[in-house]
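Quick notes on the structure that follows.
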Amino acid sequence: MTLQVDDLRVCYRTLMGEVRALDGVSFTVADGEIMGVVGESGCGKSTLGKSLVRLDNRMKHVGGTVTVDGEPLPIADDRAMNRFRFTSVSIIPQYAMSALNPTRRIGRLVADLLDAHGMSYAATRPELVRRLALVGLPETVLDSYPIELSGGMKQRVVLVLSTLRDPALLVADEVTSALDVSTQRAVAQTLVEFRDRGYVRGMLVVTHDISLVYQIADTIMVMYAGRLAEKAPSDVVVTEPLHPYTQLLIGALPEVGARFSERRLTGIPGRPPGLRNPPQGCRFRARCPLAFDKCAEQPPFVEVAENHQVACWKAGS
Ligand SMILES: Nc1ncnc2c1ncn2[C@@H]1O[C@H](COP(=O)(O)OP(=O)(O)O)[C@@H](O)[C@H]1O
Ligand code: SF4
Ligand SMILES: [Mg+2]
């Protein structure tokens, strides 16, 4: 599987004008790659994930293309996308586990989902039970109501469901955020195991928790205000970040390579710019300790070393 995203631009229509939530985003995900997508709240992570699978009706595709294994995804056409969802691209949306219908047993929810995709519950059940067992869940969860399951169990159910058809790409949006730390680890490891078993062949793990994604992702992509700031192999992003924003995110790591504490993406003075009327030039300029005259122009997102891309005039110079 290869995911290729080129110059993706997506906005939200609001009464107060358009919010340019993704503004020229280009990247690839290689076969078998787990890519972490990180950045402060509001930088466009969920918008990116959703735009690869389902634009909601407030979102508008402004431009750009997405291909999976060379085949273009008709992301601007909700109906045409039906052929690809669940089978080729699948998403665990942010808050998915709290969105499980509380009045239906898990088995019933699965049957409804399969039915919507023209699949038979009876025929799928053996594989479903096998995968539930793999993530440590007994067959009896199918008879349970969502409220009877812990957060970690629900998140595992959602993961099994969203990958039942072995989609090429899985977008997992904040799947560990509402869980306690040890459960977070277990769910994160399950993502890796599903990739290793070939249940999914590429993954975008969207999170505001860089320390968690560092443990499981092959690459990390850092977003800032609707654009890409930096992308590189995970250890490079964490130990040798080049973008000033990434450096500030990572800055307080106790020791290189050590398990850094439960650090969240907070603590950088100032706030990201609004996306209704974003500033010209580098969007990080108002908060950047290295800003200089040239930053009034938008820095291109360019490769400064092998597999290492950065959007900053100071990077690589
Ligand atoms: N339904 C919506 N209507 C208008 N603006 C939205 C909507 N959803 C998100 N946004 C805006 O789009 C930007 C990106 O949001 P989002 O993708 O949810 O960020 P993240 O997931 O990184 O927190 C933010 O400025 C947010 O306010
Ligand atoms: S381009 Fe300029 S303002 Fe932007 S991150 Fe680099 S140095 Fe800072
Ligand atoms: Mg989000």
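In listed order, ligands and their atoms are each counted from 1.
- Ring-plane geometry between Tyr199 and Phe194 is classed as perpendicular, the angle between the planes exceeding 60 degrees on a 0 to 90 degree scale with a lower cut at 30.
- A salt bridge links Arg85 to Asp78: at least one charged side-chain nitrogen sits closer than 4.0 Å to a carboxylate oxygen.
- The atoms of ligand 2 that sit less than 4.0 Å from any heavy atom of Pro244 are 5 (S).
- Look at Cys295 and atom 2 (Fe) of ligand 2: an N/O/S atom of the residue is under 2.8 Å from the metal.
- Protein heavy atom closest to atom 6 (Fe) of ligand 2, with residue, atom name and distance, is Cys312 SG, 2.3 Å.
- At the top of the distance list for atom 1 (S) of ligand 2, counting protein heavy atoms only, stands Trp313 N, 3.4 Å.
- Annotation: Arg271, atom CZ; neighbour count of heavy atoms from other residues, nucleotides and ligands within 6.0 Å does not exceed 12.
- At a heavy-atom cutoff of 4.0 Å, ligand 2 is contacted by no atom of Lys294, backbone or side chain.
- Nearest to atom 8 (Fe) of ligand 2 among the protein's heavy atoms is Cys288 SG, 2.3 Å.
- Under the 4.0 Å distance rule, the nearest protein heavy atom to atom 7 (C) of ligand 1 falls inside the cut-off.
- Heavy atoms of other residues, nucleotides or ligands lying less than 6.0 angstrom from CG of Asp196 number more than 12.
- A salt bridge is defined here as a Lys NZ or Arg NE, NH1 or NH2 lying under 4.0 Å from an Asp or Glu carboxylate O, and Glu33 with Arg195 fails to meet this definition.
- The pair Arg104-Asp112 counts as a salt bridge, with a side-chain nitrogen and a carboxylate oxygen less than 4.0 angstrom apart.
- None of the N, O or S atoms belonging to Cys282 lies under 2.8 Å away from atom 6 (Fe) of ligand 2.
- The closest protein non-hydrogen atom to atom 18 (O) of ligand 1 is Ser46 CB, 3.8 Å.
- Ring-plane geometry between His117 and Phe86 is classed as tilted, the angle between the planes lying from 30 to 60 degrees on a 0 to 90 degree scale.
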side-chain hydrogen bond (donor to acceptor under 3.5 Å, both in side chains) evaluation trace for Thr67 with Gln4: CA-CA 5 Å; Thr67 62; Gln4 173 110 30; 5.2 Å; no

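- Ionic pairing of Arg283 and Glu297 is not present here: no N-O contact between side-chain nitrogen and carboxylate oxygen is shorter than 4.0 angstrom.
- Taking the charged nitrogens against the carboxylate oxygens, Lys45 and Asp173 have no contact shorter than 4.0 Å, which rules out a salt bridge.
- When only non-hydrogen protein atoms are considered, atom 24 (C) of ligand 1 lies nearest to Gly42 O, 3.4 Å.
- Taking only nitrogen or oxygen atoms, main chain and side chain alike, Cys43 reaches within less than 3.5 Å of ligand 1.
- Remark: Lys231 fails to qualify as a cation-pi partner of Phe27 under the 6.0 Å distance and 45° angle criteria applied to the six-membered ring.
- Using a cutoff of 4.0 Å between basic side-chain nitrogens and carboxylate oxygens, Arg83 and Glu71 are scored as salt-bridged.
- Short contacts between ligand 2 and His243, defined as distances under 4.0 Å to a heavy atom of the residue, involve ligand atoms 5 (S).
- Numbered from 1 in the order shown, with element, the atoms of ligand 1 that lie under 4.0 Å from a heavy atom of Thr14 read 4 (C).
- Nearest protein heavy-atom contact of atom 2 (C) of ligand 1 is Tyr12 CD2, 3.4 Å.
- Close approach to Leu275 involves these atoms of ligand 1, each under 4.0 Å from a residue heavy atom: 13 (C), 25 (O).
- Residue contacts with ligand 1: Ala21 is placed with no nitrogen or oxygen under 3.5 Å of a nitrogen or oxygen of the ligand (distance criterion only).
- The proximity of Lys45 to ligand 1, defined as any non-hydrogen pair under 4.0 Å, involves the side chain as well as the backbone.
- Within a 4.0 Å radius of atom 27 (O) of ligand 1, the protein has no heavy atom.
- Below 4.0 Å from some heavy atom of Arg58 lie the following atoms of ligand 1, by number and element: 1 (N).
- Ligand 1 has an N or O atom lying under 3.5 Å from an N or O atom of Thr47, backbone or side chain.
- Salt bridge Asp56/Arg58: present, at least one basic N to carboxylate O contact under 4.0 Å.
- Protein heavy atom in closest approach to atom 19 (O) of ligand 1: Gly44 N, 3.2 Å.
- Less than 4.0 angstrom separates some heavy atom of Lys314 from each of these atoms of ligand 2: 7 (S).
- A salt bridge does not link Glu139 to Arg130: none of the charged side-chain nitrogens sits closer than 4.0 Å to a carboxylate oxygen.
- Below 4.0 Å from some heavy atom of Ser41 lie the following atoms of ligand 1, by number and element: 23 (O).
- Not a single heavy atom of Gly39 lies less than 4.0 angstrom from ligand 1.
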